[in-house]
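What follows is a short report on a single structure.
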Amino acid sequence: MERAVPHAVPLGQVASCSLSPQMEVFQALQRLHMTIFSQSVSPCGKFLAAGNNYGQIAIFSLSAALSSEAKEESKNPVVTFQAHDGPVYSMVSTDRHLLSAGDGEVKAWLWAEILKKGCKELWRRQPPYRTSLEVPEINALLLVPKENSLILAGGDCQLHTMDLETGAFTRALRGHTDYIHCLALRERSPEVLSGGEDGAVRLWDLRTAKEVQTIEVYKHEECSRPHNGRWIGCLATDSDWMVCGGGPALTLWHLRSSTPTTIFPMRAPQKHVTFYQDLILSAGQGRCVNQWQLSGELKAQVPGSSPGLLSLSLNQQPAAPECKVLTAAGNSCRVDVFTNLGYRAFSLSF
Amino acid sequence: MGAVTDDEVIRKRLLIDGDGAGDDRRINLLMKSFIKWCNSGSQEEGYSQYQRMLSTLSQCEFSMGKTLLVYDMNLREMENYEKIYKEIECSIAGAHEKIAECKKQILQAKRIRKNRQEYDALAKVIQHHPDRHETLKELESLGKELEHLSHIKESVEDKLELRRKQFHVLLSTIHKLQQTLENDEKLSEVEETQESTMETEPKP
């Protein structure tokens, strides 16, 4: 079978009667091999953007899919467009823009315009890389609302800060020895946590642009799992506490004393973790979204429809309380929607 | 009058009294008997017809009164239902408020549980470390021992210094004595040689 061509046919926009059987087979193959890497909720709370490995972004209407008159078509995207040449690894939303990044560039799209066909990006920026030969991928984006800036991190092992008003790159924080997987913001003291392939979680103070603390997770016996590696795949923080996982076991750390307090007994490496109310939600290799209590007990395991999950998104926008759902996406073309954390309500599909 | 169509009238009449039995028939009969009575001749028949008409009339009045009472009852039932409806609406609103209140309480309880679990997690870690009082006591005793030992060391060093000085004095006195003895020997040798030369010279 031929490999998929780089610029894929936008799914869901071509009427099925005008497709040749070859195109149908091609589309079906595309759907089969699709991975959704990132999700982001619109500022109004009614739309969900999902980015996949072909560089496409699809916008789903959550309010339509959750309403009582939802039909099968409401589970398809409202619009799909080709955003990047490479996979879209990370997306965040500000109060007016959708920022997406993947293949070394970060692009901005206006939420107000994004539903119209032929939407063009508002701007695109590339952080200053040391070598101009290879363009490293951007794995994680983080918004710092206090100083209205965006932090990008990825393949070149540095954290770049970009001011959102001027578009200028202000800092480059160096310290990681291998590429960075994930970022988290510690709100009280404006610090950024970054976790990478080198197995260390580093805390950076944004005001002094220096590394404040380093936690080498794999060096602690209780949580290290050498057979999985030392990479840190996911990070979440709650000011005093931090959860990280990946190669080592999913562990809850107390940041001020840098001690691991609870180890969650999950064998599969976790790719996304977040704090929610009094629970910790995690997802990774394996179908289920896991809900943990802080004491280490597994409260619930809710299976999704994808064989592995890569991202979780909680829609907590105050403007749309009826769309307050958890969405999970991963190694398939489907985004699972959980209206109640206990079960999967339905799935949106690319 | 022209606005109300025949259909409406027929429908209404059928609805009220479809089968023709009852009030409608009675009123028709009354009309007919009134006309007959007007046209009748004899006194007796007229009187009996008159009585019959009165009774029919009172029957009509009776059924009208019944209908009025039923109408009143319906109105009062409607009022009653309105009242119940309003009460239920109020209690629904109250229930909504209670639900919102309970949701807030749940959030609060979840926060409390989270704090408690964080506390427990930290407490577990802290328990692994030894007690602070014991460590302080150990530190104190170790400090005292250290002091004591340093005192001993000092006193031993002082003694050593003293002995060293005494030996120094002794050795220097011995040296001096040796030197004086050597000097004396040298002097006595020189004197002897001088004497021997003096003896050999005056002989020839």
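All chains are named by letter (A, B, ...) in the order of the sequence lines, taking the proteins before the strands, and each is independently numbered beginning at 1. Computed over heavy atoms, backbone and side chain alike; hydrogens, waters and symmetry mates excluded.
- With no hydrogens or angles considered, no side-chain donor-acceptor pair links Arg52(B) and Gln49(B) at under 3.5 Å.
- The contact between Phe275(A) and chain B is made entirely by side chain atoms (from C-beta outward), counting heavy-atom distances below 4.5 Å.
- The closest side-chain heavy-atom distance from Leu66(A) to Phe346(A) is below 4.5 Å.
- Annotation: maximal heavy-atom pairing with chain A below 4.5 Å, among Lys124(B), Glu118(B), Arg116(B), occurs at Glu118(B).
- Asp238(A) touches chain B through its side chain: at least one heavy atom from C-beta onward sits under 4.5 Å away, while N, CA, C and O do not.
- Between Thr262(A) and Ala121(B) the shortest heavy-atom distance is OG1-CB, 3.9 Å.
- Ring pair Trp253(A)/His220(A) is perpendicular by interplanar angle, where above 60° counts as perpendicular and below 30° as parallel.
- For a residue to count as touching a neighbouring chain, one of its non-hydrogen atoms must lie under 4.5 Å from one of that chain's; by this rule Leu107(B) touches chain A with the side chain only.
- Both the backbone and the side chain of Ser295(A) come within less than 4.5 Å of a heavy atom of chain B.
- Looking at every heavy atom in both residues, Asp205(A) comes nearest to Glu191(A) through CA-CG, 4.2 Å.
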